[in-house]
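Below: the structure, in structure tokens.
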Amino acid sequence: MTSNILSTNHKKLAINRFQSYWWLALISTIVYFFIGPMYTMLSYQNELKYSLYQQEVNPLLAQNFFQDWFVGGQGYPAFYIAGMIVASVMAIVVFGYLHNKKQVHFYHSLPITRRQLFLHQYGLGLLLNFIPLIMMYFAMVGVPAIYGGLSVVSMGILIKQLLQILLFSWISYSIAVLAAQLTGTVLTQMAMTLILQFGLLVVVACTVLNFDQFLNTFSMGTWMEEDLFALSPFMYAIYYLNQACNFYSVELNIISSLSMVAIAVNIIMAALITIGAFILYTKRPSEAAGSPLVFRFSAPIVKWVLMYTAATLGGTLFLEVGGKVFFVIGILLFALLTHMFSEAILQKDFKAMLHNMKGFAVFAVLLCGFYASLYWDVWQYDNYVPQDIAKVESIEFTMEGVSSYSNEENKRFTNPEQLQQIVHLIDEMVKQKAYGCNSDLYGYNKQMDSEYTTYVDITYHMTNGRHITRQYSSVPYNRTVFYSSL
């Protein structure tokens, strides 16, 4: 008897919730219609008009166009981006009742448990996004059917891309749902969604920027690849599309799929985020509605992320203008302004901007200590040279940019005597600081007064599998003449 009543309650709630949010399904259907069938048709019509204008109508125009669109990948990016954005909006709306105390009390008074209510809301938001997306995605295939290019459409590629689009959309939805559990207002939920989506990427990017400024042998380029963009689901989707899609095809190209490792990582990440949101929902106080942040532990994390980002950008700007003294002023000033703004938001009172100054003082000390450790190279990064040649398997030596000679050479050495010679010469160069430094921080290096200079990249391939790279800029060419004798 009790189970029948509960089952009836679930059905009534599901029907009621769908009736309340039918307009969301309509809006998402319209969005996906425009980026799917409509965009595909307009793009083909534009291509056809251009061909007619050129008076060079290709009888295989339809097949070539839709081959690039569906096989080369030109038709999928809009679905990836829109799917992730719409998913975030769905989460904000479906869990929007958490920001209103009356609605929270109403929903929590229903004859179902919090766990069941969360699953209802979570599933509803997914369906309101997934069903219109899938419908309009396959409706897009109707365009080549109309214009005679259906034969080139690969259902295998089509389905694989759909599953990947749904995966990225699921991750974005889960992140926005987690943000809803951590916040008590719509504005802070949107801000928290952005922080969860891009925060880790921004923090690591700022750290890489600091390394590039303070560590003179640091190679920033090695970090601006897949490993960095993988820290944000949205940016990783953009990176994947940029690498996989054939935007300017001349011949047949096939869009590549995500690796099984990437798919597994994204599935695990989405599942863990969902579980985290579920746990926080069951522990979230009903009276938290209206509070900027619901849980205490999230406030210092959010503030420190924002302060570190602002301090890095502000310090970099001041460094370019006035040198290292202004850099210190910049990081402290921007960190303080961010702290004051954050406290005003959290306390909902602009008079509370100077609240929790002890917390700011702790952050400022740690931040200055971090920059001091980089400035004085406490970690011995710039001074690194392998001490035990037996642990070096090989050395990759690259020399380029030799003034007007446009010289670029690259060679990998494995002979123990050559390795010893290279390490010895690099060690001498490091001890004498005979390479370029950041003049804004360390002043001008007179050793750089040479007619010809070169960039030297050294990669030590160690026997334990590590690859250690150092990049020396503005090295006087007379210090690298030994290379020709190796």
Side-chain angles (χ1 to χ4, degrees), residues 204-229 312 316 319-320 323-324 327 374-387 389 391-415 417-462 466-486:
V204 174
C206 287
T207 304
V208 171
L209 177 61
N210 286 322
F211 287 170
D212 188 59
Q213 290 184 133
F214 282 85
L215 304 177
N216 298 301
T217 61
F218 180 78
S219 178
M220 188 173 179
T222 58
W223 283 80
M224 305 306 290
E225 293 295 338
E226 183 176 5
D227 292 340
L228 183 59
F229 291 117
T312 299
T316 301
L319 178 64
E320 296 294 329
K324 56 188 176 184
F327 175 81
L374 295 179
Y375 182 77
W376 282 292
D377 198 13
V378 173
W379 313 107
Q380 294 294 300
Y381 187 92
D382 287 340
N383 293 326
Y384 175 81
V385 177
Q387 300 300 314
I389 293 297
K391 295 181 179 180
V392 181
E393 183 179 274
S394 63
I395 295 178
E396 193 169 354
F397 186 99
T398 306
M399 184 174 61
E400 58 184 35
V402 184
S403 191
S404 60
Y405 291 112
S406 299
N407 188 19
E408 182 173 342
E409 301 179 85
N410 180 295
K411 192 172 182 180
R412 188 161 176 166
F413 300 93
T414 57
N415 184 285
E417 293 183 1
Q418 292 177 325
L419 298 181
Q420 184 67 55
Q421 186 178 1
I422 293 174
V423 168
H424 174 72
L425 291 170
I426 295 297
D427 187 44
E428 290 296 317
M429 183 177 69
V430 168
K431 288 179 179 178
Q432 298 175 22
K433 297 290 183 183
Y435 54 85
C437 300
N438 186 340
S439 58
D440 291 329
L441 285 169
Y442 302 102
Y444 180 70
N445 190 346
K446 293 183 178 180
Q447 295 188 66
M448 302 304 103
D449 290 333
S450 175
E451 183 178 359
Y452 301 121
T453 60
T454 180
Y455 286 84
V456 176
D457 285 350
I458 296 286
T459 300
Y460 304 102
H461 301 280
M462 313 302 286
R466 291 183 63 198
H467 305 285
I468 304 172
T469 300
R470 296 292 184 270
Q471 184 180 77
Y472 304 93
S473 63
S474 303
V475 178
Y477 188 57
N478 58 12
R479 287 186 170 274
T480 61
V481 294
F482 74 91
Y483 179 78
S484 59
S485 64
L486 295 176

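Small disclaimer: the values here were computed from a predicted structure and weren't measured.
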Legend entry - Shortest non-hydrogen contact between Ile422 and Phe397, atoms and distance: CG2-CD1, 4.4 Å

Inset, instruction - To the nearest 0.5 Å, tell me how far Leu374 CG sits from Thr207 OG1. - result: 9.0 Å

Inset, instruction - Please name all residues satisfying side chain to side chain contact (heavy atoms under 4.5 Å, CB included) with Thr217, sequence neighbours left out, ordered by chain then number. - result: Tyr381, Asp382, Tyr435, Arg470, Tyr472

Inset, instruction - To the nearest 0.5 angstrom, please state how far the NE2 atom of His424 sits from the CD1 atom of Ile389. - result: 11.5 Å

Legend entry - Minimal non-hydrogen separation, Leu319 against Lys324, with atom names: CD1-N, 3.9 Å

Inset, instruction - Using salt bridge (charged side-chain N to carboxylate O under 4.0 Å, His left out) as the criterion, list what pairs up with Asp427, not counting sequence neighbours. - result: Lys431

Inset, instruction - List for me each residue that meets side chain to side chain contact (heavy atoms under 4.5 Å, CB included) alongside Asn415, sequence neighbours excluded, and say none if there are none. - result: Glu417, Gln418

Inset, instruction - Using the test side chain to side chain contact (heavy atoms under 4.5 Å, CB included), find all partners of Thr414 that sit at least two apart in sequence or belong to another chain. - result: Ser394

Legend entry - Option passing side chain to side chain donor-acceptor pair (under 3.5 Å) with Gln471 (candidates Thr459, Asn216, Asp457): Asp457

Legend entry - Interatomic spacing from CG in Leu441 to CD in Gln213 - rounded to 0.5 Å: 7.0 Å

Legend entry - His461: ring-ring contact (aromatic ring centres under 6.0 Å, His included) partners, not counting sequence neighbours: His467

Inset, instruction - Test Gln380 against Val385 for side-chain contact (heavy atoms from CB on, under 4.5 Å), laying out the working first. - result: CA-CA 10 Å; Gln380 294 294 300; Val385 177; over 6 Å; no

Legend entry - Spatial distance of atom CG (Asn383) from atom CG (Asp377) [nearest 0.5 Å]: 5.0 Å

Inset, instruction - Considering non-hydrogen atoms only, spot the tightest contact between Leu419 and Glu393 and give its length. - result: CD1-O, 4.1 Å

Legend entry - For Tyr384, all residues meeting side-chain hydrogen bond (donor to acceptor under 3.5 Å, both in side chains), sequence neighbours excluded: none

Inset, instruction - Step through it carefully: locate the ring centre of Phe327, locate the ring centre of Tyr375, and say whether they are under 6.0 Å apart. - result: no

Legend entry - Atom pair CD (Glu396) and OH (Tyr460), whose distance is rounded to the nearest 0.5 Å: 12.5 Å

Legend entry - Euclidean distance, Leu215 CG relative to Asn210 CG, rounded to 0.5 Å: 9.5 Å

Inset, instruction - Kindly indicate whether the side chain of Val423, heavy atoms from C-beta on, has any atom under 4.5 Å from the side chain of Val392. - result: no

